[in-house]
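Throughout, a chain's letter reflects where its sequence line sits, starting with A, and its residues are numbered from 1.
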Amino acid sequence: MRTHHMKLAGWPVTGHVVETQEDLAAFAAWTKQHTHFGFDTENTGLDVYATDFRCRTAQFSAGDTAWLLPVEQHPRFAWYTARTLERAQRLYIHNAPYDLQVADRHLGVPLETLFPKTTDTGILSRLVDSRSRKEGGTGHKLEELVEHYVDPVAAREIKGSVAQICKELKIKRDDYFRDVPLDDDIFQMYALMDPILAWVLNKTLCPKVPASATHLIPYEHKVAEICTKISRRGFQLDETYTRELATRLRQEETYWLMEIETEIDKLGFLDSEEFNPGSTDQVAEALLYMGHTEFKQTKTGKLQVDDDLLEHLATSGLYFARTIKEYKKAGKWAGTWPESFLTNMDAEGRCHANINTLQARTGRMSITGIPAQTLPSGDWMVRRCFLADEGHVIASIDYQAQELRMAAALSGDERMFNAFINGEDLHQITADAAGVDRKIGKMANFLVCYGGGWKALVEQAKVSESIAKRTIAGFNKAYPGVAALAKQLTKEAGRQGYITTLTGRRLYVDAERAYSAINYRIQSTARDVTARGLIKCDKAGLTEYLRLPIHDEVVASLPKANAPELAHEIGQCLRTQIRGVDFITDPEIAGRSWGSAYGADY
DNA sequence: TCCCCGAGCGCC
DNA sequence: AAAGGGCGCTCGGGGA
């Protein structure tokens with residue numbers, strides 16, 4: 001057994017390392033004295049479902065003492081880890097979905113056993129302040145939180161120690177954790193400190209959760225548990241189709257690259273070998289040479305070359321603009337979607353999206369790994385990559401106008417409220433109030449909920465300044481309650497620096513953008529509508545069918561035979577009422593692939 | 001060489 | 001009066 005003596009915020013902390021099987025007796029004796037543990041694992045990587053993933057070590061803490069077990073060295077170390085996890089009454093973990101998926105898949109202790117007794121300090125920190133470092137918050141990484149709340153020096157030393165070694169050895173951080181020998185002192189101290197920090201952060205953060213939000217603590221843990229179960233199940237990839245799609249897009253990219261070279265050669269002023277069509281700067285330069293001078297500027301003063309401009313130039317006959325547009329699109333699509341799906345796929349051909357249940361500053365979820373929330377919806381070719389399970393079909397259950405209904409519920413605006421009750425066309429109402437097309441009325445409706453003004457409408461709807469002003473004024477006339485709410489929340493945000501949502505969540509609002517407050521309240525409360533729906537689905541035993549939550553929509557894989565009933569049941573679970581406004585859902589059943597919900601045959 | 005940022009674009 | 005909100009990912013480019 002090896003023992004490390006360390007310091008945290010001036011206090012001594014002790015870390016013990018199990019080195020041989022004989023050391024296990026001392027570890028077991030220690031665990032018998034405690035019921036609550038900080039917990040953490042070190043592993044070969046971040047993708048728990050990768051075929052070469054291994055759990056390397058497990059660490060427990062109680063108060064100022066921690067233990068490390070070299071799980072990868074002997075099954076008995078893994079066995080003791082699993083028994084300790086099962087026996088614990090309470091676990092404190094930073095970013096529990098990760099470590100609990102490790103325990104589930106690699107230590108044989110299911111999520112269902114551990115999540116109900118876990119406190120995730122990541123969740124606590126987001127309830128205290130949802131903002132990232134960049135947005136002026138504390139951030140949510142372990143090191144960031146420790147630096148802010150516990151001990152800046154220790155935070156820097158811990159983080160710095162590994163960073164420095166990586167620099168010396170000229171390796172990446174990921175490689176270090178995969179390859180470092182488990183008897184390395186620096187590694188051991190780093191690993192031992194983490195569960196101690198989780199323990200300390202729990203103590204520190206709990207009392208800082210605003211009173212209005214304390215009831216969200218168990219709720220957010222339930223939401224995280226459900227989403228972790230969804231991640232664990234994964235979404236079946238159609239590997240053959242996905243490979244073909246990736247290949248085809250790369251071929252298109254190559255074709256357009258050759259077309260670009262031809263165009264550049266024709267010009268004769270640039271070397272086509274040197275020209276990089278992926279560089280916005282160089283494309284702008286080429287366009288200048290071609291005599292186009294009508295550029296907008298980006299906020300750093302560069303010439304703006306976006307889709308709008310290229311499309312405009314292409315339709316007015318400039319083939320070069322077309323080639324750039326198509327080249328960029330093919331490459332971007334290949335790399336962002338099918339190729340990334342194939343990289344993320346596990347041995348059974350399933351993709352495990354990483355669902356961050358409280359990622360956005362409004363509490364909205366985000367999905368990383370496979371960027372499932374950003375798949376093109378105007379075209380089925382990318383969504384076609386994902387399949388319902390064998391014998392299943394895809395179902396999509398989404399809320400009807402979730403955010404606009406939330407605007408009605410939160411503002412209590414009579415006209416908007418009645419429009420939903422009577423099934424009137426909200427977009428037409430705005431349009432009529434301003435004397436514009438329905439399409440523009442619709443844009444204005446969303447824009448106001450996003451805190452936007454007439455200038456944004458000019459950009460988006462391509463209308464004149466006066467029409468845009470008239471439309472926004474029309475909205476305010478049609479729905480005065482929404483305008484009043486926006487004003488009231490802006491004032492509230494300016495006065496106290498934050499707003500509180502209907503569910504009690506505290507959201508800080510930047511003083512210089514206080515007008516965002518209404519959007520924050522709408523978006524955040526809408527997020528909670530979906531999250532509460534997920535909890536109802538879980539209680540009804542439907543989680544095994546869920547594949548992805550996407551803001552105001554849930555995607556599911558349902559057994560073909562009773563897909564309609566199950567889709568209806570999910571829809572009923574998601575449905576809710578707020579202040580008399582009904583949040584109704586549209587269950588839709590498609591075919592085997594997700595693409596079939598967007599027009600694909602299969 | 002690595003890391004961070006801006007620009008651009010996909011979604012709700 | 002005016003103010004478009006929230007994400008993730010890719011690439012190129014500049015600085016360390």
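Ranking dG6(B), dC12(B), dC9(C) by closeness to the T300(A) side chain, first place goes to dG6(B). Taking the side chain of P371(A) as heavy atoms from C-beta on, and the options dG4(C), dG10(B), dC9(C), the nearest nucleotide is dC9(C). Of the candidates dC11(B), dG4(C), dA3(C), dC11(B) carries the atom nearest the S377(A) side chain, counting heavy atoms from C-beta on. Comparing atom distances between the L447(A) side chain and each of dC7(C), dG4(C), dC9(C) picks out dG4(C) as nearest. In this structure, the nucleotide among dG10(B), dC7(C), dC12(B) sitting nearest to the side chain of A360(A) is dC7(C). For W454(A), the side-chain atoms get nearest to dA3(C) when compared with the rest of dG10(B), dA3(C), dC9(C).
OP1 and OP2 of dC9(C) both lie 4.0 Å or more from every side-chain N or O belonging to W337(A). Note on T298(A): a side-chain N or O is less than 4.0 Å away from OP1 or OP2 of dA7(B). The side chain of K332(A) places no N or O atom within less than 4.0 Å of a non-bridging phosphate oxygen (OP1 or OP2) of dC9(C). Taking side-chain N and O atoms only, Q304(A) has no distance below 4.0 Å to OP1 or OP2 of dA7(B). Taking 4.0 angstrom as the limit, S366(A) places a side-chain polar atom (N or O) nearer than this to OP1 or OP2 of dG8(C).
Closest approach of Y520(A) to V509(A), counting heavy atoms only: CD2-CG2, 3.9 Å.
A centroid separation of 6.0 Å or more is found between the aromatic rings of Y289(A) and F320(A). Aromatic ring centroids of F341(A) and F386(A) lie under 6.0 Å apart.
dG6(C) atom C1' lies 7 Å from atom NE2 of H551(A), rounded to whole Å. As a whole-Å value, the separation of Q359(A) CD from dG6(C) C1' is 11 Å. Rounding to whole angstrom units, NZ of residue K325(A) and P of dC9(B) are separated by 9 Å. Rounded to whole angstrom, the span from the CZ atom of R133(A) across to the P atom of dC5(B) amounts to 13 Å. For the pair Q460(A) CD and dA3(C) P, the interatomic distance rounds to 14 Å; values are reported in whole Å. To the nearest angstrom, P of dG4(C) lies 13 Å from CD of E512(A). Summarising the geometry, the separation between CH2 on W333(A) and C1' on dC11(B) is reported as 12 Å, rounded to the nearest angstrom. Protein atom CD of Q373(A) is 11 Å distant from nucleotide atom P of dC7(C), rounded to whole Å.
In this model, no donor atom of one side chain and acceptor atom of the other lie less than 3.5 Å apart for T368(A) and Q359(A). Judged purely by distance below 3.5 Å, without hydrogens or angles, the side chains of Q304(A) and T298(A) never pair a donor atom with an acceptor atom. In the model, H352(A) has no side-chain atom that pairs as donor or acceptor with a side-chain atom of S231(A) under 3.5 Å. If you check the side chains of Y399(A) and D586(A), you find no donor sitting under 3.5 Å from an acceptor. A donor-acceptor contact under 3.5 angstrom links the side chains of S396(A) and E553(A), judged on distance only. R532(A) and Y219(A) are not linked by any side-chain donor-acceptor pair at a separation below 3.5 angstrom, with hydrogens and angles left out of the test.
No contact: G301(A) has no heavy atom under 4.0 Å from any strand. Within the 4.0 angstrom heavy-atom criterion, only backbone atoms of the sugar-phosphate kind lie near K469(A); the bases stay farther away. Among the atoms of the strands shown, none is found under 4.0 Å from any heavy atom of Q297(A). Across all strands shown, V448(A) has no heavy atoms under 4.0 Å from either base or sugar-phosphate atoms. G369(A) comes within contact range of the sugar-phosphate backbone alone, with a heavy-atom separation under 4.0 Å but no base atom that close. Within 4.0 Å (heavy atoms only), L457(A) reaches no atom of the nucleic acid at all.
Between E339(A) and R250(A), at least one side-chain N (NZ, or NE/NH1/NH2) sits under 4.0 Å from a carboxylate O, which counts as a salt bridge.
Near-neighbour residues of DNA chain B inside residues 514-534 of chain A, defined by a heavy atom below 4.0 Å, are absent.
Aromatic stacking of Y450(A) on dG5(C): satisfied, with centres closer than 5.5 Å and planes within an angle under 30 degrees.
With P as the reference atom, dG4(C) and dC12(B) are 22 Å apart, rounded to whole Å.
Residues passing the side chain to side chain donor-acceptor pair (under 3.5 Å) test with N519(A): none are found, sequence neighbours excluded.
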Output one line per pair: protein atom, nucleotide atom from nucleotides 13-16 of chain C, and distance, for all N/O pairs under 3.5 Å.
residue : atom : partner : partner atom : Å
dG13(C) : OP1  : S279(A) : OG           : 2.7

